[in-house]
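Since the structure is predicted, the reported quantities are computational estimates derived from the model, not experimental observations.
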Amino acid sequence: MEQRFRWKNKQLRDHVAVLDGTLSPTILLKNATYLNQTFRKWMTANIWIYKDRIVYVGEKLPALTMNCETIDCSKGYIVPGYIEPHAHPFKLYNPQSLATYASQHGTTTMINDNMVLALQLSKKKAFSFIKELQEHPVTTYWWCRYDSQSETYDEETIFSNRNIKSWLEKDFVVQGGELTGWPKLVDGDDMMLHWMQETKKLNKKIEGHFPGASEKTLAKMMLFGTDCDHEAMTGEEVQRRLMQGYMVSLRHSSIRPDLPNLLDEIHAMDIAAYDRMMLNSDGSSCACYENGMTDKLIKIAIDHGVPIIDAYNMATVNIARYYNFDHLHGNIATGRIANLNFLSEKDEPTPVSVLAKGQWVKRDGIQMDVFQEVDWSQFDLEPLKIDWSLDSDDMQFSMPFGIKLENSVITKPYSIGIDVSSESLSTDHDECFFMLLDRNGKWRINTLLKGFANKLGGLASTFSSTGDIILIGKSKRDIEAAFNRMKEIGGGIVICEEGQSIYELPLTLKGTMSDQPIEELIGLEKNLFSLLKEKGYPFIDPIYSLMFFSATHLPYIRVTQHGIYDVMKKTVLFPTIMR
């Protein structure tokens, strides 16, 4: 696993010296009632910690305590630090800010999507950034994507055989996937199958992405090497995955808040295979995390009939065992990393205090000042510098059909029946001008978007799945004003009305992420949601709408770097226009 926790010989000797009484532990938790997952019950013991490692759990007390912080834990309960197995750490927040926020809710280990790092940074910079994050109290592991989940110009370069293997061979990468491009695999893509074989050869897991998959498809993907899937949306789909041997990751996210129904349905079906289940929040928007992260999911599980110990296990040891790192994470025992959550009650999973790598990151409800600042510039994560402008040719919208937003993320084609030659569109309908632009200004694709808003002047966003620029609105003047203001702030989301900016969310890290803490982003995001709702946005999550316009793992029509793309037929219907 992570190089940080392959303790050197001197460190291992120190750990044993604590037991021998010649070295003092750094923290002693006396009379601790803790969750022991080997015996599956609450037990009382003394827990010795030396720096970042638990060196003893049992009845004994250390002989030497002169340099030790001793805490009487006779009140309250201790559980292992929670693990988020399916994080997309780029939903306006960044991996550093997400980990910091997660730690306050007891999540001390994150398994992160590498998509944005692969698309936006060189491999060298991406690996350096991940190395920097290893100094954070929260432990971060990573996926290795096999494709861009869109139609991009540099797909074969970024997701080359050499690059994929470079990622897979890193100790901090624990899985391949998620397999959003699995239809290519089924259709005979042997390169993807080769990467899956390489992943398995390294004893790493493969995460599926199989919404609505039939039993036969699930069986095929299991034979190809997939280990887990997080796309079950009904109790029957959970059962189907369990029957085919999958680990099932139960999701509760901003666009799929499924966990209560999933649990109710599996209990109605008399399914209690909790050791084959884990919990995830699937890269929720900031506002969805306002009331908690993994702690919130554990609480939902408890409230919907999951036995308390199993609820905690679904966020700790089940995940650790699945990823083969339970010798480091997921339980409270000798040798494990000192990731501990201190609870007021057994059924209240939001911790009062949190230890991560043996550091107090939260103490009696207060966030500790232990989180290092990141020098973003050294990783080329700086504000966007756009040195080109829109012109009159860019504002021509003559497409015979547009895209209709059916919900937050699904788009279908529709026939355009209105005059699009004017400078603005009527607010009597929900059709808007829509443009996807290369961030370097090399190409564009213009069409209309139906179902997003009916009163929106102009919106510009550098937040998208591929890092390209999205422009939406009723007024060409406001669209251009929003674009120009977005350039000035170095990337982000800007809304203009009557030529004036009325909303700004700066994304100063490559135009994709903010450097602000999530607490600040929650307010900014809620303001965005409220404003867009006033402008006619009818769905759950506009952040996901912006991100998934180009995502070809979803039906039916997508706007990509190659043009308007028919996902079902795998063809470009209208190509992009070079500028």
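W7 and D14 form no side-chain donor-acceptor contact under 3.5 Å, judged by distance and modelled atom types alone. Side-chain polar atoms of K91 and Y544 form a donor-acceptor pair below 3.5 angstrom. In this model, no donor atom of one side chain and acceptor atom of the other lie less than 3.5 Å apart for N112 and T140. Side-chain contact, Q175 with Y323: a donor N or O sits under 3.5 Å from an acceptor N or O. Between R145 and Q149, the side chains place a donor N or O and an acceptor N or O closer than 3.5 Å (distance only, hydrogens not considered). Between the side chains of H329 and Y141, a donor-acceptor pair is found at a separation under 3.5 Å. N94 and W376 share no donor-acceptor pair across their side chains, judged by distance under 3.5 Å alone. Using modelled atom types and a 3.5 Å distance limit, the side chains of S514 and Y93 yield no donor-acceptor pair. A donor-acceptor pair shorter than 3.5 Å can be found between the side chains of N163 and K123. Counting only N and O atoms by type, the side chains of H88 and D282 include a donor and acceptor under 3.5 Å apart. K165 and H194 form a side-chain donor-acceptor contact under 3.5 Å, judged by distance and modelled atom types alone.
For the side chain to side chain donor-acceptor pair (under 3.5 Å) criterion with Q37, the lone passing option out of N318, N313, D326 is N313.
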Verdict with reasoning, S24 to C68, per side chain to side chain contact (heavy atoms under 4.5 Å, CB included): CA-CA 6 Å; S24 170; C68 178; 3.4 Å; yes
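Between R241 and D229, the shortest heavy-atom contact is NE-OD2, 2.6 Å.
For D147, there are no side-chain hydrogen bond (donor to acceptor under 3.5 Å, both in side chains) partners two or more places apart in sequence or in a different chain. Residues passing the side-chain hydrogen bond (donor to acceptor under 3.5 Å, both in side chains) test with E198 are K201, sequence neighbours excluded. For the ring-ring contact (aromatic ring centres under 6.0 Å, His included) test, no residue two or more places apart in sequence or in another chain qualifies with F224.
Salt-bridge check for R251 with E231: passed, with a basic side-chain N closer than 4.0 Å to an acidic carboxylate O.
Around CE of M43, the count of heavy atoms belonging to other residues, nucleotides or ligands within 6.0 Å exceeds 12.
The aromatic rings of H553 and H209 stand perpendicular to each other, their planes meeting at an angle above 60°, with 30° marking the opposite boundary.
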